[in-house]
There are 4 protein chains.
Amino acid sequence: MRGEGNKGRLILDAARRVFAATGYYQARVEDIAREAGVGKGTVYEYFTSKEELYLEMLLEVVNSYVAGVRAGLEHAGGDIREKLFFTGRHLCSFLTEHGQLARMVLQDPGPINFKFTDHLRTIRRKMVEMVAALLRDTIPGSIPQEEAEVAARFFLAGLAGVVYPENMQTLAPQENLRTAVDVFVQGVSETFGRERG
Amino acid sequence: MRGEGNKGRLILDAARRVFAATGYYQARVEDIAREAGVGKGTVYEYFTSKEELYLEMLLEVVNSYVAGVRAGLEHAGGDIREKLFFTGRHLCSFLTEHGQLARMVLQDPGPINFKFTDHLRTIRRKMVEMVAALLRDTIPGSIPQEEAEVAARFFLAGLAGVVYPENMQTLAPQENLRTAVDVFVQGVSETFGRERG
Amino acid sequence: MRGEGNKGRLILDAARRVFAATGYYQARVEDIAREAGVGKGTVYEYFTSKEELYLEMLLEVVNSYVAGVRAGLEHAGGDIREKLFFTGRHLCSFLTEHGQLARMVLQDPGPINFKFTDHLRTIRRKMVEMVAALLRDTIPGSIPQEEAEVAARFFLAGLAGVVYPENMQTLAPQENLRTAVDVFVQGVSETFGRERG
Amino acid sequence: MRGEGNKGRLILDAARRVFAATGYYQARVEDIAREAGVGKGTVYEYFTSKEELYLEMLLEVVNSYVAGVRAGLEHAGGDIREKLFFTGRHLCSFLTEHGQLARMVLQDPGPINFKFTDHLRTIRRKMVEMVAALLRDTIPGSIPQEEAEVAARFFLAGLAGVVYPENMQTLAPQENLRTAVDVFVQGVSETFGRERG
DNA sequence: TATGAATGAGCGTTCATTCAT
DNA sequence: AATGAATGAACGCTCATTCAT
């Protein structure tokens, strides 16, 4: 993005909505421009290409995701259950808000985003480490680093399955989250909190 | 697909490889034809459109996924750990083999596949029910149906996070799987196997 | 056409129906083959190309048209009115039967048929001459050759306007024909049958 | 057509020339664009499809035809011969200018133009009525409406046969026209101007 | 001889990008 | 800076023609 003017902001927001609604290839630059209320050419004043616009937009989304997870994990005064629950809460609203885009962030972004893959990998790894650290710091007993990371991956990916919008019809998402967090924390505690057989 | 002749098979296989490598929109019909070793027009002798080819290919992939999960869950003579472990093994090789496509199956297929969404939803639900039934039948204590399903979702989605190829550099995938299954089974047992606080 | 076997006949007939129904470009060789009850490749055993098939078919149609007009004009025992009336009757059924094709014959065949244009021109000229001869032989008074030909052209083209299927809703075509022939014969008689002012 | 800007005009004119020269199916959109001196994509800025472009172009041609016929029939101060003569003059230059297209207008447009058929039918009917009215208003004696229309059809179609460019080598077109109009007017006068036998 | 599976040239259309205003 | 008219590369699909059987 060239400047941080008002127009650039409008375009990024419009891009997020349009890309989220239809995916990268279905979205036309003209649609985004119209959604932003600017001319088609203006998009190219702020971004060098459709791809760059997409990547910049995705970066913002990813950053907001990371910030949310971090906020959840650092949720002041909570025990581990509370922290993980808040993390899930964030994930839930993130999925609700960003739909299609969220999938790209949580999983691989697909081949569209080769240039983004490394960054996403880094992001995911950082979050895994955060959760792993939480587990090792909080759960009684000593959890090997690698196994803590496996558990963290399991948790973060599992959360997405639980809070997926399509799954939230029978139970309130809160209830789903409580259950998942309980199972996970219990499981980690039991598995690593005592001598393992 | 028109017939089950040799060419149709070649084209489907080529389509799987090309779509997996580049995604739906990037894949050109001509690429698929070349990969299959046939002419461009031949593709249209067997499939009415690029979209139909894609959907038909995806259906095969989904079916192989379901068959593998089912085989894992019914793994003869194993206890629940063993069954879930084998399920994870299948998932692991599935992800390794089908790359990009696997994501579409495991998560939402995105807007390309609107026509497929319902089928995928059904598939995922069926698998959740299978895992939930296994939990209720195997874990001592009584687990409410809805919570069993939440746990099942958590497990299936979590597995994918653990066995993702990109995550399999430090630990052997087998080890990752063992850990995740242990955590999960312990967690469910502890959470539902006794009075819940 | 290579031989005069049964298949060749079937294909020509099918070609006439299909071309008449949809026009040259819309007709697919496969449609014609199916209509003829033969394989697609067989068409190419009898005709070297779609275009050749079309031209041979059109030649047949043109010949039958010419034969009909000639038969009408030579209608034994009739006076000029009767002869022209029978000519019109033939034209009428020709238009009804061959629809789209008839237009190509009566008017220019268009650029599709460059190779045919000369032949069609010859055909039309021949018919003009036949009618012109009839006029000069039958109408009292002396009609200059060139003006007889103009009148003949006027008559042949005018007929088509009168017997066009779309125009045959109010009056029986017979009545239309009678009127047109009357007007024409009266006109020629009056114009050329006496001293012209 | 989107606007009435310069480019749209250029494209329509180019389309008329190219379609007239080669017919609908042979004409490539790229040819039309080149003929108009614009890029291929520009055509689609002004017309939604090749078909729409064709139809819009044809509409213009038809309108100019109708206007010319009307002008001829209303030719101030002329008697009926003069009016019909001027109508023929217009038809003649129309055929000369628009070649292949003219045929589509004068006769059925063929299956390409299904959507246009109704409009063309209406146009032709309107012109038949105009000529029929002229006959009934001008020729002494009472001509039944239906027979006046038949005569009008005969005249309009016959004219085309007379003024066809290919026929204009021996006699000056003017002469042809005079002859045809004379024959026709004499014919109608004699046939309807007195008691009919 | 007869067939239809296989082919690829050809074309209509889309849309990211450019550039004159 | 802002615009949108103009552009043409790219691609899905059709169908006349070929050829192995």
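Labels below follow one simple rule: chain letters A, B, ... track the order of the sequence lines, proteins then strands, and each chain is numbered from 1.
OP1 or OP2 of F:dA6 sits under 4.0 Å from a side-chain N or O of D:Y46. Note on D:K7: every side-chain N or O is 4.0 Å or more away from OP1 and OP2 of F:dA5.
In this pair, B:Y65 and B:F94 present their aromatic rings tilted. The plane angle is within the 30 to 60° band.
Not counting sequence neighbours, the partners of D:D13 by the side chain to side chain donor-acceptor pair (under 3.5 Å) test are D:R9, D:R16. Here B:S49 pairs with B:E51, B:E52 under the side-chain contact (heavy atoms from CB on, under 4.5 Å) rule; sequence neighbours left out. Partners of D:E30 under the salt bridge (charged side-chain N to carboxylate O under 4.0 Å, His left out) rule, at least two apart in sequence or in another chain, are D:R28.
Counting only distance, with no hydrogens or angles, the side chain of C:K7 and the backbone of C:E45 share no donor-acceptor pair below 3.5 Å. A donor-acceptor pair is defined here as one N or O able to donate and one able to accept, closer than 3.5 Å; such a pair exists between the side chain of B:S64 and the backbone of B:V61.
Toward the 5′ end of DNA chain E lies the nearest nucleotide of C:G39, the other residue of the pair B:G39 and C:G39 mapping further downstream.
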Review point. Going 5' to 3' along nucleotides 13-21 of chain E, which nucleotides have protein heavy atoms under 4.0 Å from the base (write B), which only from the sugar-phosphate (write S), and which from neither (write -)?
Key: BBSSBB---
Contacts under 3.5 angstrom, residues 32-40 of chain D side chains, donor-acceptor by atom type, not counting sequence neighbours:
from: D:E35; atom 1: OE2; to: D:R17; atom 2: NE; distance (Å): 2.6
from: D:E35; atom 1: OE2; to: D:R17; atom 2: NH2; distance (Å): 3.2

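A straight line from CG of C:L10 to P of E:dA2 spans 11 Å, rounded to a whole angstrom. E:dT1 atom P lies 13 Å from atom CD1 of C:I11, rounded to whole Å. To the nearest angstrom, P of E:dG4 lies 15 Å from CG of C:D31. What separates CZ of D:R34 from P of E:dC11 is a distance of 11 Å, to the nearest Å.
Remark on the helix from E:dA2-F:dT21 to E:dT21-F:dA2: inter-end axis angle 10°, axes from five-pair C1' superpositions, rounded to 10°.
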